[in-house]
Engineer: 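Take this structure first; my questions come after.
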2 protein chains.
Amino acid sequence: MPADPPLDPFAATLGYQLRRLSLLVMADLADGLEPLGLRPADATVLLAIRINPGITQSELGRMLAIKRANMVPLVAGLEARGLVARAAVNGRSQALTLTAAGERLAGEAHAETDANEARCFPGLSAAERRRWAATLHALWSDGGGPG
Amino acid sequence: MPADPPLDPFAATLGYQLRRLSLLVMADLADGLEPLGLRPADATVLLAIRINPGITQSELGRMLAIKRANMVPLVAGLEARGLVARAAVNGRSQALTLTAAGERLAGEAHAETDANEARCFPGLSAAERRRWAATLHALWSDGGGPG
DNA sequence: TATTGTTATACTCTATAACTATA
DNA sequence: TATAGTTATAGAGTATAACAATA
């Protein structure tokens, strides 16, 4: 008697499938970013600053759901590597921008996120991915979901 | 000049949206399970044993992507609470089953996962959720995605 | 009085390495 | 020789509390 494969109690559980897929995609992204010396969180920060030059740490944290306290070592690390520059806005806030090296690396990070999407979601056109992304976005950004 | 909301560089990034949504769903599930004294991982183990009575720790770990070493305290905790029972299969493997109390609590955990799905994915029928879940499942379980 | 940035710290989850006993 | 279960431990990511300086 060949051992039956175990039954999957979560085959119809969207939340579980979402999590398993997300973990796989994140692991693939982490692998792809490693040669750039970036973790996923570093890359998201670089890309968010690139498209929002002058954004502050607090705004960045709210937008990316990273706590202020955890933004500190993250941004400090990028600044120490000469990728991000800070300019005082008003004595307590500091505007973040990318240095030339930061722009360059952000470009590479962006290319890697594209490659990650292509690897993880083969058979989906860019337009289809955009549509799916919008659907998922609505589920967490709206009041549609849980509180 | 009202402060413009920051631009979202990940609006079209499926992997990022997947992650943000997954985190929200997991947090909601954790909240819902807390009154039962269960974490999400505990609940997945209970439900997997319930549908696969006699499954071993190793099989369980492979199925749920939990490392053997991390299964130990997890299952031990459930056993200590009288929810799970072990029966030697062959000197090195042990068949896991639910006790009566375990069955009862697994039932409540299952009800909570249903409630979690309903809260997080309102407007989706059970059939639609099943279809979506299958689509996501294929992306991580197949060789379709990254290696 | 609320917010920014910061420090220090704790907690959870996950990963690795090594070991014993068994198949 | 490979596998099951175990132990100990390390690491990442995230969370809380408190503080100083500023708005």
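Chain naming here is simple, since letters A, B, ... match the order of the sequence lines and numbering starts at 1 in each. We use all heavy atoms of the structure for the numbers below, so side chains are in, but hydrogens, waters and symmetry mates are not.
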Engineer: Quickly work out the B:Gln94 CD to C:dA21 C1' distance and round it to whole Å.
Structural biologist: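 In whole Å, C:dA21 C1' and B:Gln94 CD are 12 Å from each other.
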
Engineer: Under a 3.5 Å distance rule, please check whether B:Ser93 uses its side chain to pair with a backbone N or O of B:Asn90 as donor and acceptor.
Structural biologist: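 Between the backbone of B:Asn90 and the side chain of B:Ser93 there is no qualifying donor-acceptor contact (under 3.5 Å).
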
Engineer: Do B:Arg81 side-chain atoms and B:Gly37 backbone N/O form a donor-acceptor pair below 3.5 Å?
Structural biologist: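 Yes, because the side chain of B:Arg81 sits within donor-acceptor range (under 3.5 Å) of the backbone of B:Gly37.
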
Engineer: Between A:Ser58 and C:dG5, is there a contact of a side-chain N or O with OP1 or OP2 at under 4.0 Å?
Structural biologist: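 Checking C:dG5 against A:Ser58, a side-chain N or O does come within under 4.0 Å of OP1 or OP2.
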
Engineer: So does B:Arg62 get a side-chain nitrogen or oxygen closer than 4.0 Å to the phosphate oxygens (OP1/OP2) of D:dT3?
Structural biologist: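 It does not, given that no N or O in the side chain of B:Arg62 lies less than 4.0 Å from OP1 or OP2 of D:dT3.
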
Engineer: Please report, rounded to the nearest Å, how far the P atom of C:dC13 is from the CG atom of B:Leu64.
Structural biologist: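 Checked: the CG to P distance equals 15 Å.
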
Engineer: For the pair made of CG in B:Leu60 and C1' in D:dT3, what is the distance, rounded to whole Å?
Structural biologist: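 Interatomic distance, CG of B:Leu60 to C1' of D:dT3: 16 Å.
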
Engineer: Within less than 4.0 Å of OP1 or OP2 of C:dT3, is there a side-chain N or O belonging to A:Gln57?
Structural biologist: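 A:Gln57 to C:dT3 OP1/OP2: no side-chain N or O under 4.0 Å.
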
Engineer: Rounded to the nearest 0.5 Å, what separation is found between the CE atom of B:Met71 and the NZ atom of B:Lys67?
Structural biologist: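 Rounded to the nearest 0.5 Å, the CE-NZ separation comes to 12.5 Å.
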
Engineer: Report the distance from atom CZ of A:Arg20 to atom P of C:dT14, rounded to the nearest whole Å.
Structural biologist: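 A:Arg20 atom CZ is separated from C:dT14 atom P by 11 Å.
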
Engineer: Identify the heavy atoms of B:Ala48 and A:Pro9 that sit nearest to each other, and give their distance.
Structural biologist: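 Scanning both residues, the minimum pair turns out to be CA-CG, 3.8 Å.
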
Engineer: In whole angstrom, give the distance that lies between atom CG of B:Leu38 and atom C1' of C:dT12.
Structural biologist: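 Computing the B:Leu38:CG to C:dT12:C1' distance gives 16 Å.
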
Engineer: How many Å lie between CE on B:Met71 and C1' on D:dT7, as a whole number?
Structural biologist: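 Result: 16 Å.
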
Engineer: Which letter, B, S or -, goes with each nucleotide of nucleotides 12-22 of chain D from 5' to 3', with contact meaning a protein heavy atom under 4.0 Å?
Structural biologist: -SBBBB----B

Engineer: Atom CD of B:Glu59 to atom P of D:dT3: distance rounded to whole Å?
Structural biologist: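 Result: 13 Å.
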
Engineer: State whether the side chain of B:Gln17 and the backbone N or O of B:Leu14 hold a donor-acceptor pair below 3.5 Å, judged by distance alone.
Structural biologist: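 Answer holds: no.
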
Engineer: Look at the aromatic rings of B:Tyr16 and B:Phe10 and report parallel, tilted or perpendicular, splitting at 30° and 60°.
Structural biologist: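 Answer is parallel, since the angle falls under 30°.
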
